[in-house]
Amino acid sequence: MSLDLAIRMTEIMLGFAFILQSIEHIYVGTKNDRILFSGRLGLSILLLAGLYTPYVCAGLVIITLVQLHRFQGPYNGGSDRMGILVLCALTLTYFLPSGRLQDMAFGYLAMQLILSYFISGWVKMVNPEWRNGQALQDVFAFSVYPVSDAVRGWSQCPRVMLIMSWAVIIFELAFPFLFLTTVTLYIGLAIAAAFHLANACLFGLNRFFWVWLAAYPSLIWLHDRLLGGV
Amino acid sequence: MKTALKTLCLLLPALVPSWRFFDRIAPSPRVEYTVLDNRPDNRPNNRPNNRNDTPSDWREFSPCPVRVSFLQMMMRMVWNPHRNEYLFVTSCAERFIQNPTDHSRDEIMARVKQATAKERLSKGQEEKYIQFRLMFVCRDDGHDDEGAVKPHLAYTSDVEPFGEES
């Protein structure tokens, strides 16, 4: 995948993710939120359409900074942080002078995507409560995430929790190795997307799904750039 | 200068993320609220209060439903405003306990008021005051009933009139 195509795909996916987020903020937010996110919605539509993208990205970065002050941090934790990371990488590719620096900015995004899975897997691997299934059982039993009492009830199945824990740990730790060939990379990204879909369905983390997907083109581009044809 | 530094502090965790999702399962916040006809005489406003001596009719803010259908789950992939707002409110609760700020408390109060206002309007209720409290649910490591999941009271807000914008 060429850098131009990867950038264009990122713009489309990030624009779509930001449109969904902005409409939600306009719906539940205060009067000032509505003004701020109406601006963000307009710019996100332009990003999706591929119009004036350097200026649109710069505008979105400014709105993001205002948004960080407004909520004193991210509104939805990790998903907002990944959204900011994707946006900043995209913006840098437009404003950095040389091709090499642009590659580095977009490559940084791809590297962070790999780390997002690997570090998550590592911190679970070194925690005995994750290894014996207790941690995931606790996530289902009393964390804020399960979307319904029925989903919360899954905590009563310790064997299922143990299997799910190890499936997540193994996948997350294996993710960097899946990058090494084209076939395994696409399989890895499909599994990762399914993982985020499951998180969205069971835990209501829909924003993670769209924002993480927006970072995938950077990884496909980096793979082709470094290991093209493998 | 101060604003620039603050901006950098807010932005840096996004540019150099830690990615330590669920590294440990911390006590989990629940926001509960109660609506009152009168401000209790023995509880003047602005008094620090962390005691469980307030009215017994506490209701959970945005409780999760018994069941969510597959169709609803798919719809929520693209439209999930209340759930995402609820996650923001719980993150404000966590932030407030770690580092109490007016911002976190006011965000919780404003969103509880907003949600409750709709409910009161639909039921024709006319209570004048509202109060929220933060409960944290965790697995009990004590000797009695070890391993049971129990809520612990962490904070009770001041009583506020509904009409007052936070």
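Each chain gets a letter, A, B and so on, in the order the sequences are listed, and its residues count up from 1.
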Please look at A/L115 and chain B and tell me whether the side chain, the backbone, both or neither of the residue comes under 4.5 angstrom of a heavy atom of that chain. both
Identify which part of B/T7 has an atom lying under 4.5 Å from any heavy atom of chain A, answering side chain, backbone, both or neither. both
Donor-acceptor check, side chain of A/D33 to backbone of A/T30, threshold 3.5 angstrom: yes or no? yes
Can you check whether B/Y155's main-chain N or O pairs, donor with acceptor, with B/R133's side chain at less than 3.5 Å? no
Between A/W122 and chain B, which part of the residue has a heavy atom less than 4.5 Å away: side chain, backbone, both or neither? neither
Checking A/F209 against chain B: side chain, backbone, both or neither under 4.5 Å from a heavy atom? side chain
Can you say whether A/I23 sits under 4.5 Å from chain B via the side chain, the backbone, both, or neither, judging by heavy atoms? both
Short side-chain to backbone donor-acceptor contact, A/Q134 and A/E129, under 3.5 Å: no
Under 4.5 Å from any heavy atom of chain A, what part of B/P63 do you find: side chain, backbone, both or neither? neither
May I ask you to check whether B/H82 and B/S62 show a side-chain donor-acceptor distance below 3.5 Å? no
Can you tell which part of A/F118 gets under 4.5 Å to a heavy atom of chain B, answering side chain, backbone, both or neither? neither
Please determine if A/D103 and A/R100 form a salt bridge, counting it only when a charged side-chain N lies under 4.0 Å from a carboxylate O. no
Residue among A/A89, A/A17, A/P146 with most heavy-atom pairs under 4.5 Å to chain B: A/P146
Region of B/E107 in contact with chain A, defined by heavy-atom distances below 4.5 Å: side chain
Which one of A/L20, A/V28, A/V123, A/V144 has the most heavy-atom pairs closer than 4.5 Å to chain B? A/V144
Counting heavy-atom pairs under 4.5 Å with chain A, which one of B/V68, B/T90, B/N80 comes out on top? B/N80
Parallel, tilted or perpendicular: which describes the rings of B/F22 and A/F203, with under 30° parallel and over 60° perpendicular? tilted
Below 4.5 Å from any heavy atom of chain A, which atoms of B/Q114 appear? Answer side chain, backbone, both or neither. side chain
What part of B/S18 is in contact with chain A, defined as an atom under 4.5 angstrom from a non-hydrogen atom: side chain, backbone, both or neither? backbone
A/W212 and A/S116 side chains, donor-acceptor separation under 3.5 Å: yes
Between A/D149 and B/R67, is there a side-chain N and carboxylate O pair less than 4.0 Å apart? no
Pick whichever of B/R20, B/M77, B/Q72 has the most heavy-atom pairs under 4.5 Å with chain A. B/M77
Whatever's closer than 4.5 Å to a heavy atom in chain B on A/C201 counts as both
Are the charged groups of B/E85 and B/R111 less than 4.0 angstrom apart, N to O? yes
Please flag which part of A/F71 lies under 4.5 Å from any non-hydrogen atom of chain B: side chain, backbone, both or neither. both
Pair A/W210 and A/F16, ring centroids less than 6.0 Å apart: yes
Between B/V137, B/L87, B/I25, who has the most heavy-atom pairs with chain A when the cutoff is under 4.5 Å? B/I25
Side chains of B/S28 and B/R30: is there a donor and an acceptor less than 3.5 Å apart? yes
Counting heavy-atom pairs under 4.5 angstrom with chain A, the leader among B/D23, B/L15, B/V66 is B/V66
Do you know which of A/N76, A/I84, A/D80 has the most heavy-atom pairs under 4.5 Å to chain B? A/N76
Bottom line for A/N127: the part with an atom under 4.5 Å from chain B's heavy atoms is side chain
